[in-house]
Structure formats: structure tokens, C-alpha cells
**Q** 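Structure incoming, see below.
Chain A is the first sequence line, chain B the second, and so forth, proteins listed ahead of strands; every chain is numbered from 1. The structure displayed is predicted, hence computed values, not measured ones.
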2 protein chains.
Amino acid sequence: MTRRRTHGFDCAPGCSVEAALSLIDGKWKGVILFHLLERPMRFNEIRRKLATVTQRMLTTQLREMEADGLITRTVFAQVPPRVDYALSDLGRTLEPALHALKTWGDSNMHLFSPAPDTLNAS
Amino acid sequence: MTRRRTHGFDCAPGCSVEAALSLIDGKWKGVILFHLLERPMRFNEIRRKLATVTQRMLTTQLREMEADGLITRTVFAQVPPRVDYALSDLGRTLEPALHALKTWGDSNMHLFSPAPDTLNAS
DNA sequence: CAGCATCCCATTAGATACTG
DNA sequence: CAGTATCTAATGGGATGCTG
């Protein structure tokens with residue numbers, strides 16, 4: 001994340017936007033939350049969804065969101081180890097915001113994407 | 001910003017969330033956009049709203065959002081110089097997402113704020 | 001007023017190796 | 001499987017000084 005742990009309290013109007021962003025910010029948090037919206041997942045399951053994330057990054061992102069109370073971490077005492085990550089009640093309240101972002105992204109991403117297939121498709 | 005210019009196109013499902021976040025991410029973009037939602041503003045006007053931002057940061061954030069097509073920059077040829085920043089049409093389409101974030105922030109910010117006045121108010 | 005240029009330090013995040 | 005530890009490259013972002 002960038003502004004992480006910086007949601008300083010020199011809050012001006014508009015600050016709550018920042019506060020919200022500071023939580024879902026962090027290179028992978030948005031997508032992670034979005035995937036967890038669908039269902040709880042195990043560590044490597046999430047990792048596979050993200051493909052290019054390093055385990056170090058995934059760990060820190062998950063830990064931070066856990067600390068922020070957005071997700072829960074459930075360890076199953078078994079071999080091989082199993083750890084489930086799921087949205088907390090608080091995390092679920094982000095759903096509208098997450099969907100608003102996704103909706104926007106779906107509508108407008110093409111504006112920023114080089115649209116790879118149209119390049120050599122001519 | 002963090003993931004800035006990284007909305008790489010190894011897009012998995014959920015990626016559009018990232019794409020959207022990558023644009024409003026960046027320490028100040030969220031708040032700036034939010035303020036511009038109200039009305040166009042001049043450079044120092046925005047700066048005053050943000051209070052702790054450096055002009056270097058403000059400049060880069062504005063430039064990036066301009067490059068992303070989210071805001072417009074209008075220079076008035078006069079002395080002293082005047083430059084207005086305003087949301088573009090595209091920028092305006094972010095309004096629902098921005099409001100969703102603000103709504104969430106307003107409802108839940110107290111969870112993350114030390115609530116300064118309650119500290120010595122025992 | 002609204003910037004740009006430079007210097008510089010703090011933080012971030014990738015790669016790699018090891019573990020219960 | 002689900003991590004932790006360490007080391008390092010890259011980036012972010014503050015401070016300061018100058019300009020049309």
C-alpha cells in the first residue's frame with residue numbers, strides 16, 4: 001500500500017474517502033477482497049488467482065487486512081496445514097463499494113487497456 | 001500511488017477492480033477527485049483543502065489524473081496565472097464509486113480512528 | 001500563482017532460501 | 001501447505017530552491 005497506516009487524522013472533508021481507500025489500497029487488496037466476496041479461500045488458492053503475487057506480498061496483504069478487521073483467518077489443525085481466509089462482517093460491508101469499482105472498471109477499462117487482441121487482429 | 005502504471009494486463013477476474021483502484025489510488029487522488037466532484041478548483045485551492053500535501057506531490061497527482069483522462073486542466077492566459085482543474089466526463093463517471101467509498105468511510109471510519117477527543121475526555 | 005528541477009532518505013516489494 | 005527471514009532493487013515522497 002501507499003498511504004497505508006497513514007490515514008492520519010488531519011481529516012478534512014473528503015477524508016473518509018481516503019480512509020476507505022487506505023484499507024482497500026495496497027497492490028492486491030482490492031482483488032483479494034473481490035475474490036473473497038465470492039467465497040472463502042485457502043492461501044494457495046488466492047495465490048493462484050493472483051498469479052503474479054509473491055507469497056511474501058500475499059502474506060503481508062492478508063495480515064494487514066486481518067489486522068484491519070476486513071478478513072478472518074481460520075487455521076485448521078491438520079496435516080497438511082490448511083488456512084482459510086474469509087471476509088469478516090465488516091469486510092462484507094465493503095461489497096457495495098467494491099462492486100461500484102468493478103462496475104466502473106468493467107465499463108472503462110478498455111480506455112486504458114491496449115486491447116491486446118485488436119493489435120494483431122487487424 | 002503504488003500499483004500505478006502497473007495495471008498490467010495479466011488480468012484475472014477481479015482485475016477491473018484493480019484497474020479502477022489503480023486510477024484513484026495514489027495518496028491524494030481519492031480526496032482530490034472528491035473535492036472536484038463539488039466544483040472545479042484552482043491549484044492552490046486544492047492545495048489548501050489538502051493542507052499537508054507538498055506542491056510536488058499535488059502536481060504529480062494532478063498530472064497523472066490528467067494523463068488518465070479523469071480531470072481536465074485549463075490554463076487562463078493572464079497574470080497572475082490561473083489554472084483550473086475539473087473533472088472530465090470520464091472523471092464524473094467515477095462519482096458512484098467515490099460516493100460508495102465515502103459512505104463506507106463515514107460509517108466505519110470510527111473503527112480505525114483513535115477518536116482523539118475520547119482519549120483525554122475520560 | 002503555479003509550477004519544475006534536484007537531492008536524498010524511507011518505504012515497498014521482488015527474489016531467494018529456509019521451516020513447522 | 002502455508003508460511004518466515006534476509007537481502008536488495010526500485011519507487012515514493014519530503015525538503016528546498018528556482019522560474020515564467
**Q** Mind checking whether B:V79 and B:F76 sit in one hydrophobic cluster, side chains of I, L, V, M, F, W, Y counted as touching below 4.5 Å?
**A**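 No, because B:V79 and B:F76 fall into different hydrophobic clusters, even though each may have its own neighbours under 4.5 Å.
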**Q** Within the structure, does a side-chain N or O atom of A:R42 lie under 4.0 Å from either OP1 or OP2 of D:dA2?
**A**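 Yes, because at least one side-chain N or O of A:R42 sits under 4.0 Å from OP1 or OP2 of D:dA2.
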**Q** Under the salt bridge (charged side-chain N to carboxylate O under 4.0 Å, His left out) rule, what pairs show up with a residue in residues 71-83 of chain B, not counting sequence neighbours?
**A**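 Sorted pair list: B:R82-B:D84.
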**Q** Nearest-Å distance, CD (A:E45) to C1' (D:dC1)?
**A**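 Rounded to whole Å, this separation is 12 Å.
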**Q** Taking atom C1' of D:dG12 as reference, at what distance in whole Å does atom CG of B:D25 sit?
**A**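 To the nearest whole Å, that distance equals 12 Å.
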**Q** For residues 93-100 of chain A, which side-chain N or O atoms pair as donor and acceptor with protein atoms under 3.5 Å away, sequence neighbours left out?
**A**
from: A:T93; atom 1: OG1; to: A:L90; atom 2: O; distance (Å): 2.4
from: A:T93; atom 1: OG1; to: B:W104; atom 2: NE1; distance (Å): 2.8
from: A:H99; atom 1: ND1; to: A:E95; atom 2: O; distance (Å): 3.4

**Q** Rounding to a whole Å, what distance do you find between A:F43:CZ and C:dG20:P?
**A**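 Result: 18 Å.
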**Q** Using OP1 and OP2 only, check whether a side-chain N or O of B:Y85 sits under 4.0 Å from C:dC1.
**A**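 No, outside the criterion.
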**Q** Give a yes/no on whether any side-chain N or O of A:R63 is located under 4.0 angstrom from OP1 or OP2 of D:dT4.
**A**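 Result: yes.
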**Q** Is there a donor-acceptor pair closer than 3.5 Å between any side-chain N or O of A:S88 and the backbone N or O of A:G91?
**A**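 Side chain of A:S88 to backbone of A:G91: a pair is present.
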**Q** Using a heavy-atom distance cut-off of less than 4.0 Å, which residues of residues 70-80 of chain A contact DNA chain D?
**A**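 DNA chain D contact set from residues 70-80 of chain A: A:R73, A:P80.
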**Q** Walk me through whether A:L101 and B:I24 qualify under side chain to side chain contact (heavy atoms under 4.5 Å, CB included).
**A** CA-CA 10 Å; A:L101 287 170; B:I24 63 178; 3.8 Å; yes
**Q** At under 4.0 Å between heavy atoms, how does the protein contact nucleotides 15-20 of chain D? Give one character per nucleotide, 5' to 3', with B, S or -.
**A** B----B
**Q** Heavy atoms, side chains only, cut-off 4.5 Å: are B:V53 and B:I46 in contact?
**A**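 No; the side chains remain at least 4.5 Å from each other.
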**Q** Who are the side-chain contact (heavy atoms from CB on, under 4.5 Å) partners of B:T59, not counting sequence neighbours?
**A**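 B:F43, B:R63.
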**Q** CE of B:M57 versus P of D:dG14: gap in Å, rounded?
**A**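 My rounded result for the distance is 6 Å.
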**Q** Closer than 4.0 angstrom, basic N to acidic O: yes or no for A:K102 and A:D106?
**A**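 Yes, this pair counts.
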**Q** Side chain of A:N44: nearest nucleotide among D:dC1, D:dG3, D:dG13?
**A**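 Out of D:dC1, D:dG3, D:dG13, the nucleotide with an atom closest to A:N44's side chain is D:dC1.
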**Q** Which residue pairs satisfy the side-chain hydrogen bond (donor to acceptor under 3.5 Å, both in side chains) criterion with at least one member in residues 37-46 of chain A, sequence neighbours excluded?
**A**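 Qualifying pairs, neighbours excluded: A:R39-A:E45.
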**Q** Report the distance from atom CG of A:L58 to atom C1' of C:dG14, rounded to the nearest whole Å.
**A**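 Rounding to the nearest Å, CG of A:L58 and C1' of C:dG14 are 14 Å apart.
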**Q** What is the distance from CG of B:L62 to C1' of C:dC1, rounded to the nearest Å?
**A**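 To the nearest whole Å, that distance equals 14 Å.
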**Q** Side chains of A:M41 and A:I32: closer than 4.5 Å at any heavy-atom pair?
**A**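 Result no, sub-4.5 Å side-chain heavy-atom pair not found.
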**Q** Is any side-chain heavy atom of A:W28 closer than 4.5 Å to a side-chain heavy atom of A:L62?
**A**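 No, too far: nothing below the 4.5 Å cut-off.
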**Q** Specify the separation, in whole Å, of atom CE of A:M41 and atom C1' of D:dG3.
**A**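 Taking atom C1' of D:dG3 as the reference, CE of A:M41 is at 19 Å.
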**Q** Is there a side chain to side chain contact (heavy atoms under 4.5 Å, CB included) between A:L33 and A:L87 once you walk through the steps?
**A** CA-CA 7 Å; A:L33 288 172; A:L87 288 183; 3.6 Å; yes
**Q** Would you work out how much the helix from C:dC1-D:dG20 to C:dG20-D:dC1 bends between its ends, with each end axis defined by five base pairs, to 10 degrees?
**A**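 One end's axis against the other's: 60°.
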**Q** Take the protein atom CG of B:D84 and the nucleotide atom P of C:dG3, then report the distance between them rounded to whole Å.
**A**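 Atom-to-atom, B:D84 to C:dG3, this comes out as 11 Å.
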**Q** Please confirm whether the shortest side-chain N or O distance from B:K27 to OP1 or OP2 of C:dT12 is below 4.0 Å.
**A**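 For B:K27, the contact criterion (side-chain N or O under 4.0 Å from OP1 or OP2 of C:dT12) is not met.
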